[in-house]
Amino acid sequence: MENTKKDMKNIVNHLKNSGFVFQSSEIYGGLSNTWDYGPLGISIINKIKRAWWKSFISLEINNVGLDSKILLNPKIWEASGHISNFSDPLIENKVNHKRYRADHIYEEITKKNSADINIRDLEHFMKNEVKEYDGSKTDWTEIKQFNLMFETFQGVVESNKQSIYLRPETAQGIFVNFNNIQRSLRLKLPFGVGQIGKSFRNEVTPGNFIFRTREFEQMELEFFTFPEQSLEDYNYYVNKSYQFIVSLGIKKESLKIRVHNEEELAHYSGATSDIEFLYPFGWGEIMGISHRGNYDLTSHNKYSNIKLQYLDPSNNNFMVPTVIEPSVGVDRLLLAILVDSYNVENIENSERIVLKIDKNLAPYKVAILPLVKKLSKESLEIYYKLIENDIDATFDETGSIGKRYRRQDSIGTYYSITFDYDSLDDKKITIRNRDTMEQERILISEIKEYIK
Ligand code: GAP
């Protein structure tokens, strides 16, 4: 019987105890809202990234990849609007000296979207409607717009140090390379440029484990197209993005597509849809698909005095392409995959934790388990053969077979192979399926085919 205890605390404990996610800098008391990925976490992340690259770059014949830098010329952030617009409404309760995002409190209390209210009305709402919050009476400060970019300094000589920022999105590194990429590869419109990399935001209220952190990773595609074709391309990428997330094994009933209303749209955006997942703490965005118009390229043209534009061979005129941007956070996608696949089952009066993760994403596809340590040498031969054939395998020789099966179930390993004394003679092993728990005896020489 399946009994899904999708409680965040249980899931976080399980992920920590089994090597997926650790608190960062733990021996020094941690750093708030910062998490390190353990051996099993990074194994899934690498597969997510490979799947995204294959789907959004390799299988899309017009798309190419890029790796631009985290530290960029600060003028880029002036042109993109991040210096003037990229902020959250921060408010402090003078009674308990805690800081909050006023827009989040408004949404929590009214169940309305905060995009529909301006800052003055938001401040009025906080002062008049929120007299108690977070277990305390309130005395609110004014709202301060708090810029989310991390500032740092470049240069060694104190007087010559230049203020620069850690990028808050990977997208701008793509826009400013438009001419380099289009001209060096002689690309014809429409084409896309994608990259995977770290982004940083000094979030006012990070939280919900790895859902909102200050350092995270994005997979972004900027698809450059003709304005008259852009709506069709936007719809194509909304649909493709949804299918991509489903292809990672996330159940459709845990997903929805939310179309932004006009007030919610970013200053540059003509249309945006979010793909949301039902986390234990509520619906949250995994991926956003935006119709960015030609805002970014036009703005860089103005600030840099370099024309980022395309010579349309059909009429020999220069034009500034329109951009469609599917953007997804690796950390949020990982959390959705882990939450969706986490199950606690009651089997013969005992609990079985099982991660029913897609077999192509699981940290290991196969575990090799010698019945006793004496059989380790022969079992390791199978292990190395699988690794040589690019099949993710792990090896475990400690504890009873029953316990080892449970351990592998709890980290999502799809098959467990037991090598016993009979295997020495009949050259067969027992292979067990994680989800059905059914076992079969097959020839060692057939393992590779069976798994593939
Ligand atoms: N270039 C567009 C852009 O950055 P965004 O909606 O701000 O758009 C895109 O971010 C994706 O990045 C989000 O859908 C989310 O998955 C991820 N993301 C954004 N902020 C994050 C944070 N603080 N922690 C983890 N992931 C985040």
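Read the numbers this way: they start at 1 and go in the same order the structure lists the ligands and their atoms. Because the structure is a prediction, the values reported are computed rather than measured. Side chains are part of it too, since the values below use all heavy atoms of this structure and drop only hydrogens, waters and symmetry mates.
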Among protein heavy atoms, which sits nearest to [atom], and what does the distance come to when rounded to 0.1 Å?
atom	value
atom 18 (N) of ligand 1	F216 CE1, 3.6 Å
atom 24 (N) of ligand 1	T213 N, 3.1 Å
atom 16 (O) of ligand 1	I286 O, 2.7 Å
atom 9 (C) of ligand 1	S327 OG, 3.0 Å
atom 7 (O) of ligand 1	R201 NH1, 2.8 Å

Does an N or O anywhere in [X] fall below 3.5 Å from an N or O of ligand 1?
X	value
R212	no
G329	yes
A171	no

Under 4.0 Å, heavy atoms only, figure out whether ligand 1 is touched by the backbone of [X], its side chain, both or neither.
X	value
D331	neither
R292	side chain
T170	neither

Test item: Y37 and S43 side chains (from C-beta on) under 4.5 Å apart, heavy atoms | no
By number and element, which atoms of ligand 1 are closer than 4.0 Å to a non-hydrogen atom of [X]?
X	result
F211	24 (N), 25 (C), 26 (N)
E169	1 (N), 2 (C), 3 (C), 4 (O)
Q218	3 (C), 4 (O), 9 (C), 10 (O), 11 (C), 12 (O)
E220	1 (N), 2 (C), 3 (C), 4 (O)
E285	6 (O), 13 (C), 14 (O)
E325	1 (N), 2 (C)

For residues 206-216, dump all side-chain donor-acceptor pairs below 3.5 Å to protein atoms at least two apart in sequence or in another chain.
| from | atom 1 | to | atom 2 | distance (Å) |
| --- | --- | --- | --- | --- |
| T213 | OG1 | E215 | O | 3.0 |
| R214 | NE | N202 | OD1 | 3.2 |
| R214 | NE | E203 | O | 3.2 |
| R214 | NH2 | E203 | O | 3.0 |
| E215 | OE2 | K198 | NZ | 2.9 |

Across all chains, not counting sequence neighbours, the salt bridge (Lys or Arg N to Asp or Glu O under 4.0 Å) partners of K251 are D340
Compute both the distance and the angle, then confirm whether K94 meets the cation-pi test with W140: under 6.0 Å from the six-membered ring centre, within 45 degrees of the axis.
no
| query | Do the two ring centres, one from F175 and one from Y295, sit under 6.0 Å apart? | reply | no
| Between F244 and F56, does the ring centroid distance fall short of 6.0 Å? | yes
Regarding D274 and K256, does a basic nitrogen lie under 4.0 Å from an acidic carboxylate oxygen? no
Rounded to the nearest 0.5 angstrom, the CD1-CD distance for I174 and E220 is 6.5 Å
Test salt bridge (charged side-chain N to carboxylate O under 4.0 Å, His left out) applied to K127 and E142, step by step
CA-CA 9 Å; K127 291 192 171 164; E142 313 275 280; 2.9 Å; yes
Of E217, R332, Q172, the one whose closest heavy atom lies nearest atom 15 (C) of ligand 1 is R332
Closest non-hydrogen atoms of I411 and P363, given as atom of the first, atom of the second and distance, are O-CD, 3.4 Å
On a heavy-atom basis, the closest approach of L122 and D103 is CD2-N, 3.9 Å
